[in-house]
Novice: 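Attaching a single structure in structure tokens format; questions to follow.
Please read these numbers as outputs of a predicted model, since none were measured by experiment. Only heavy atoms go into these numbers, but all of them, side chains included; no hydrogens, no water, no symmetry mates. Start at 1 and go down the list; that is how both ligands and their atoms are numbered.
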Amino acid sequence: MQDKLKQLQTLRQKALLGGGAERISKQHAKGKLTARERVELLLDPGTFEELDMLVTHRTTDFGMDSQTFLGDGVVTGYGLIDGRLVYVFSQDFTVFGGSLSETHAEKICKVMDMAMKNGAPIIGLNDSGGARIQEGVRSLGGYADIFYRNVMASGVIPQISAIMGPCAGGAVYSPAMTDFTIMTEHSSFMFVTGPNVVKTVTNEAVTAEELGGAHTHATKSGVTHFTAENDYTNIMLIKELLGYLPQNCEEKTPILPYELAEENRPKLDHIIPDSPNIPYDMKEVILQLLDDAQFLESQPEYGANIITGFGRIAGRSIGVVANQPLVLAGVLDVNASKKAARFVRFCDAFNIPLLVLEDVPGFLPGTEQEWNAIILNGAKLLYAFSEATVPRITVVTRKAYGGAYDVMNSKHIGADLNYAWPSAEIAVMGAKGASEIIFKRDIKNAPDPEAKLKELEDQYAEKFANPYIAASRGFIDEVIPPSATRIKLIKAFDMLQNKVDRLPRKKHGNIPL
Ligand code: HXC
């Protein structure tokens, strides 16, 4: 028995070394952690249970039979984060560049299946040269097996992808189908075709960083939700994010213990500028409303005219969607609509109540927007809110104009409670634009058209640029002082905690993708 135990120990020690000490040093020299170091950092100490440590590839072509590494380039298993179960796979770049073989894929599929059956999040730490070139179509099949599981798991368990090295070719489609992607700055990149192919096909000269680095995907494409300075902060972000999420779609949002204290927020009574044309920072409003001013913003640099992210109100996780008057006056455009729609659908899938803060002058006009299908993209947000069955509350802080009023979680599309501040302006359009259209003749015939426009504009604003007409029809449930908003939200989310709402029976809807 002692010999056998020794043999097991030797095998384990060999597996722990991955591609060997030299390649581990190379990984460290690039400022990257190894696959195992990442898993250790991610999970509560001593909780990692590794599976398939002794798996090896089955390829014999290209002399591969003489090159086997225990574990075959991916560390898989389960463990705890803040005491809660998660499944994890972590690609080991020191073994064939973390490339995906048939067996490497089988290991990932195994933990994905277990995560699904046992209702716990799956976290993928990606660092891979893509398909194992020596394996050809078997590797492609392995990818497709993973993609299929990503889709089956979508909306059932949270799926989080950290990109900590290369992620190229078809490999990008697994993270793309997970719920959140976090890219490490400078050491990770994602693209379907790399700089060399781009140069050959389109003659564009571009670096890997420019084409698909963290900054690019955080600002231009919206492919990544978060960026992290290094592997350590990437992993800390995963843990923070998970704290807001339930384990699966059957669970309610996590609630931390909370005792009511002084919930009045006097600062909010002074946040809205006197003129409707002066911007203010909606993030200040958000921080005033959330517990401990803690807000985890998702996609902060993409479509920044809308803010999306997680926070807590009286201990309960909520998703926040808020127009940002500081950027493009908080208008809805293609990117903002897509970003918010996906966020709303995530929250709805995982029972996370939604808080909407509204200050929106309408949709962004222009050929660029129309030709990029603001019609279809705006419809995504309208659709996402309409089908969401989680508790939904809107607070109109200032402008709620035109179609954007309907879209931003209005009562008409199923919001549970709609509050407005006295500064709210709920109308078809702004007073100036409206007066120019409906009083066109009066203005033209007036001895002083400019003075007439101003007079009519003031009259229109007086009549419509307020929350009281909407409140008189019940479209707004209550007009509240800004300082009382937090306590209203605490009570309202508490009241809505057992909400049950069902969509009509159908196979699935047809969201305008
Ligand atoms: C097998 C691979 C590999 C791969 C890297 N390696 N990629 N082995 N299959 N795809 C091996 C290298 O041979 C090397 O082995 C080790 O990993 C590290 O690679 P280096 O090139 O030395 O590292 P680095 O300079 O950091 O460059 C990393 C890299 C580069 C940018 C990822 O290796 C690269 O371009 N690899 C090929 C990428 C690729 O074309 N993959 C296929 C894409 S198509 P040793 O023994 O020296 O340590 C695809 C389709 C998926 O993925 C489709 C899904 C539907």
Novice: Determine, considering heavy atoms only, which of Ile146, Val192, Leu140 sits nearest to atom 53 (C) of ligand 1.
Specialist: Leu140

Novice: May I ask you to identify the nearest protein heavy atom to atom 2 (C) of ligand 1, giving residue, atom name and distance to one decimal place in Å?
Specialist: Phe96 O, 3.4 Å

Novice: Would you please indicate if the ring centroids of Tyr173 and Tyr143 are separated by under 6.0 Å?
Specialist: no

Novice: Please list, in number order, the atoms of ligand 1 under 4.0 Å from a heavy atom of Phe147.
Specialist: 55 (C)

Novice: Would you call Arg132-Asp72 a salt bridge at under 4.0 Å N-O?
Specialist: yes

Novice: Is there a polar contact, in the sense of an N or O pair closer than 3.5 Å, between Gly97 and ligand 1?
Specialist: yes

Novice: Sequence neighbours excluded, which residues qualify as salt bridge (charged side-chain N to carboxylate O under 4.0 Å, His left out) partners of Asp179?
Specialist: none

Novice: Show me the donor-acceptor pairs, under 3.5 Å and distance only, between side chains in residues 76-83 and residues at least two apart or in other chains.
Specialist:
from  : atom 1 : to    : atom 2 : distance (Å)
Thr76 : OG1    : Leu51 : O      : 3.2

Novice: Which option wins on minimum heavy-atom distance to atom 52 (O) of ligand 1: Ser174, Ala131, Gly19, Gly169?
Specialist: Ala131

Novice: What part of Tyr173, side chain, backbone, both or neither, has a heavy atom within less than 4.0 angstrom of ligand 1?
Specialist: neither

Novice: With atoms numbered from 1 as shown, which atoms in ligand 1 lie under 4.0 angstrom from a non-hydrogen atom of Gln134?
Specialist: 1 (C), 9 (N)

Novice: Whether the side chain of Glu229 engages the backbone of Glu185 through a donor-acceptor N/O pair (distance < 3.5 Å, no angle test) should be reported.
Specialist: no

Novice: Please confirm whether Gln67 comes under 4.0 Å of ligand 1, counting heavy atoms of the residue only.
Specialist: no

Novice: Among Arg138, Arg149, Arg58, whose salt bridge (Lys or Arg N to Asp or Glu O under 4.0 Å) with Glu106 holds?
Specialist: Arg58

Novice: Do any nitrogen or oxygen atoms of Arg23 come within less than 3.5 Å of a nitrogen or oxygen of ligand 1?
Specialist: yes

Novice: Please identify which atoms of ligand 1 are closer than 4.0 Å to at least one heavy atom of Gly130.
Specialist: 52 (O)

Novice: Considering Ser99, Gly170, Gly129 one by one, which has a heavy atom nearer to atom 50 (C) of ligand 1 than any of the others?
Specialist: Gly170

Novice: Applying salt bridge (Lys or Arg N to Asp or Glu O under 4.0 Å) to Asp348 and Arg392, what does each step give before you reach the verdict?
Specialist: CA-CA 10 Å; Asp348 187 46; Arg392 292 197 259 148; over 6 Å; no

Novice: State the OH-CD1 distance between Tyr87 and Ile122, to the nearest 0.5 angstrom.
Specialist: 9.0 Å

Novice: Any protein heavy atom lying closer than 4.0 Å to atom 15 (O) of ligand 1?
Specialist: no

Novice: So for ligand 1, is Tyr143 a polar contact partner (N or O within less than 3.5 Å, distance only)?
Specialist: no

